[in-house]
Amino acid sequence: MCDLCIKTGKPLLKLTQKDYLDNGLGHLIEKYGSYYEINVKVFDELQHTITGWPGGKPNADDTHRPERALPYPKRVLVFSPHPDDDVISMGGAIQRMVNHGHEVHVAYQTSGDIAVTDEEVMRYMHFMNAFNEVFCNMSDDIIEEKYHAIKKFINERESDEINSKDILTIKALIRRGEARMACTYNKIPKSGIHFLDMPFYESGKIEKLPLGPEDYKRVRDVIELVKPHIIFVAGDLADPHGTHRKCTEAVFDVMHTLKEENPEWLKDCRVWMYRGAWAEYDIEEIEMAVPMSPDELRNKRNSILRHQSQMECAPFLGNDERLFWQRSEDRNRATASLYDNLGMTCYEAMEAFVEWHY
């Protein structure tokens, strides 16, 4: 139906019987009896996907809402494969849930260390060395020694040489600091920030290791710690290096295991999938669409910009020359525009989600 709207350039409620017949959809009229009944049915289904309450609206009839009204407030656990996927993919929904009083946790599944350039490392090392010189009178020899050793390694290493453990540690710390800044901006307390550092990622290379027992343990530990009512996971499996896929597989496998064990809290837990910088769900797939105002979209951009190491100099932008915040805004605006063209309420931007049933 949505394809028919796009092809004819008409919103749902303006489609005619002729539109159906001219485009080979007469069998739908035979099945449902009336083209207008089809229009209204699809319109209602799409309308019910739109909600400004991604955590559920308390004291409201949730018959046609994507998420339950109760319990309230909910414990929400957002799994972020890299330390910026949360704000790139669902920064608007995160802000909404925090503002609505839900207890929001973010679990950063990998360190994201290989996505930090050597220039960023040297910038931080210059600062640390200068800080040591100004405030410690160079009394800390370790900082100076590390500074010179790292500088020497970066200047002399071969192009295909793997980063040293010290450099990878600094790069991971940079990503952690940026993630904390973004969470602080979104009013998520320190207790809601979890760094899993899943071992499969720590190969030092683009090609990752297979998932192992410790990867699954870290995912399970944070789920059992939070006992969430809602889990959000990355459904964006188009990530060119496969990290999203492995991170999501780990969550799904753990959820299947927990289902077999059937703890009491799991009976009231739902799982939603989001997509990030690489793709978006087709409108026929979307089960929850969270609208954003211009101010909310600007706030989302500001949270993405906290990840400074992933702006202009990020090494893994792929073939798309747009920066991650630009991709996110373009995608969210395109989703809102599509809903608008189908005859729904016109919003500045929208984030889209699909429920995963386990």
Side-chain angles (χ1 to χ4, degrees), residues 49 54-56 66-68 74-90 93-94 97 102 104-112 192-203 207-282 284-290 351-358:
T49 65
E67 187 51 70
R68 304 145 293 167
K74 293 184 177 70
R75 293 183 300 276
V76 179
L77 178 57
V78 178
F79 279 101
S80 181
H82 299 96
D84 56 356
D85 288 312
D86 56 330
V87 289
I88 289 173
S89 305
M90 53 174 295
I94 288 174
M97 290 185 290
H102 299 290
V104 178
H105 295 254
V106 183
Y108 297 103
Q109 292 175 270
T110 71
S111 67
I193 306 172
H194 310 270
F195 295 101
L196 305 190
D197 291 335
M198 293 172 68
F200 86 88
Y201 186 86
E202 301 305 324
S203 65
E207 184 179 352
K208 304 307 176 192
L209 303 169
L211 287 168
E214 184 61 23
D215 296 303
Y216 291 110
K217 180 181 182 301
R218 296 185 188 188
V219 170
R220 176 168 180 150
D221 284 349
V222 74
I223 291 175
E224 292 185 323
L225 174 68
V226 177
K227 293 181 173 58
H229 301 103
I230 305 175
I231 293 176
F232 289 92
V233 298
D236 190 352
L237 305 183
D239 170 20
H241 300 130
T243 299
H244 284 206
R245 181 178 296 276
K246 286 190 174 182
C247 286
T248 299
E249 285 177 358
V251 176
F252 287 174
D253 288 346
V254 168
M255 292 301 289
H256 282 306
T257 300
L258 287 170
K259 184 179 181 181
E260 292 177 1
E261 299 173 9
N262 197 28
E264 187 64 28
W265 63 266
L266 191 66
K267 298 174 183 177
D268 202 23
C269 179
R270 287 188 182 179
V271 180
W272 292 93
M273 298 185 295
Y274 61 78
R275 285 190 174 171
W278 309 102
E280 183 57 282
Y281 290 110
D282 292 333
E284 293 88 353
E285 300 176 278
I286 296 172
E287 295 178 82
M288 178 165 67
V290 180
E351 293 172 338
F353 303 88
V354 171
E355 188 175 0
W356 179 70
H357 301 276
Y358 57 95

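The CG atom of L196 sits 10.0 Å away from atom OG of S80, with the distance rounded to the nearest 0.5 Å. Atom CZ of F232 is separated from atom CG of D85 by 15.0 Å, given to the nearest 0.5 angstrom. If you take SG on C247 and NE2 on H82, they are separated by 7.0 Å, rounding to the nearest 0.5 Å. The structure places NZ of K246 at 6.0 Å from CZ of F200, a figure rounded to the nearest 0.5 Å. For the atom pair CZ (R218) and CE (M198), the distance works out to 9.0 Å, reported to the nearest 0.5 Å.
Side chain of E355 to main chain of E287: no donor-acceptor pair is present (N/O by atom type, distance under 3.5 Å, no hydrogens or angles). A donor-acceptor distance shorter than 3.5 angstrom exists from the side chain of T248 to the backbone of A234, with no hydrogens or angles considered.
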- Message: Determine whether R68 and D268 satisfy the following criterion, salt bridge (Lys or Arg N to Asp or Glu O under 4.0 Å), listing intermediate values before the conclusion.
- Response: CA-CA 10 Å; R68 304 145 293 167; D268 202 23; 2.9 Å; yes
- Item | Test log, rule side chain to side chain contact (heavy atoms under 4.5 Å, CB included), inputs I230 and H102 | CA-CA 10 Å; I230 305 175; H102 299 290; over 6 Å; no
- Output, in order, the C-alpha distance, side-chain angles, deciding distance and verdict of side chain to side chain contact (heavy atoms under 4.5 Å, CB included) for K208 and T110. CA-CA 11 Å; K208 304 307 176 192; T110 71; over 6 Å; no
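Residues A93 and P54 share a closest heavy-atom pair of O-CG, 3.9 Å. Summarising the geometry of L258 relative to P263, their closest heavy-atom pair is O-CD, 3.1 Å, with the distance given to 0.1 Å. Of all non-hydrogen atoms in V219 and V254, the two that sit nearest each other are CG1-CG2, 3.9 Å. In terms of heavy-atom proximity, P81 sits nearest to F79 at CD-O, 3.8 Å. The minimum heavy-atom distance linking P83 with S111 is given by the pair CG-O, 3.5 Å.
By the 6.0 Å contact criterion, CD on E207 is open, its count of non-hydrogen atoms from other residues, nucleotides or ligands being 12 or less. Within 6.0 Å of NZ on K217 lie no more than 12 heavy atoms contributed by other residues, nucleotides or ligands.
You'll find the side chain of E280 stays beyond 4.5 Å of the side chain of I286, heavy atoms only. Taking 4.5 Å as the limit, every side-chain heavy atom of L209 sits out of range of all side-chain heavy atoms of P199. No side-chain heavy atom of Y201 sits under 4.5 Å from any side-chain heavy atom of D215. The shortest side-chain heavy-atom distance between K74 and E67 falls under the 4.5 Å cut-off. Annotation: side chain of P228 is in contact with side chain of I223 (closest heavy-atom distance under 4.5 Å).
With sequence neighbours excluded, no residue forms a salt bridge (charged side-chain N to carboxylate O under 4.0 Å, His left out) with D253.
Ring pair H194/H105 is parallel by interplanar angle, where below 30° counts as parallel and above 60° as perpendicular. Using the six-membered ring where Trp is involved, H256 and W356 have ring planes that are perpendicular, over 60° apart on the 30 and 60° scheme.
For an aromatic pair to be called close, the ring centres must be under 6.0 Å apart, and Y274 with F353 fails this.
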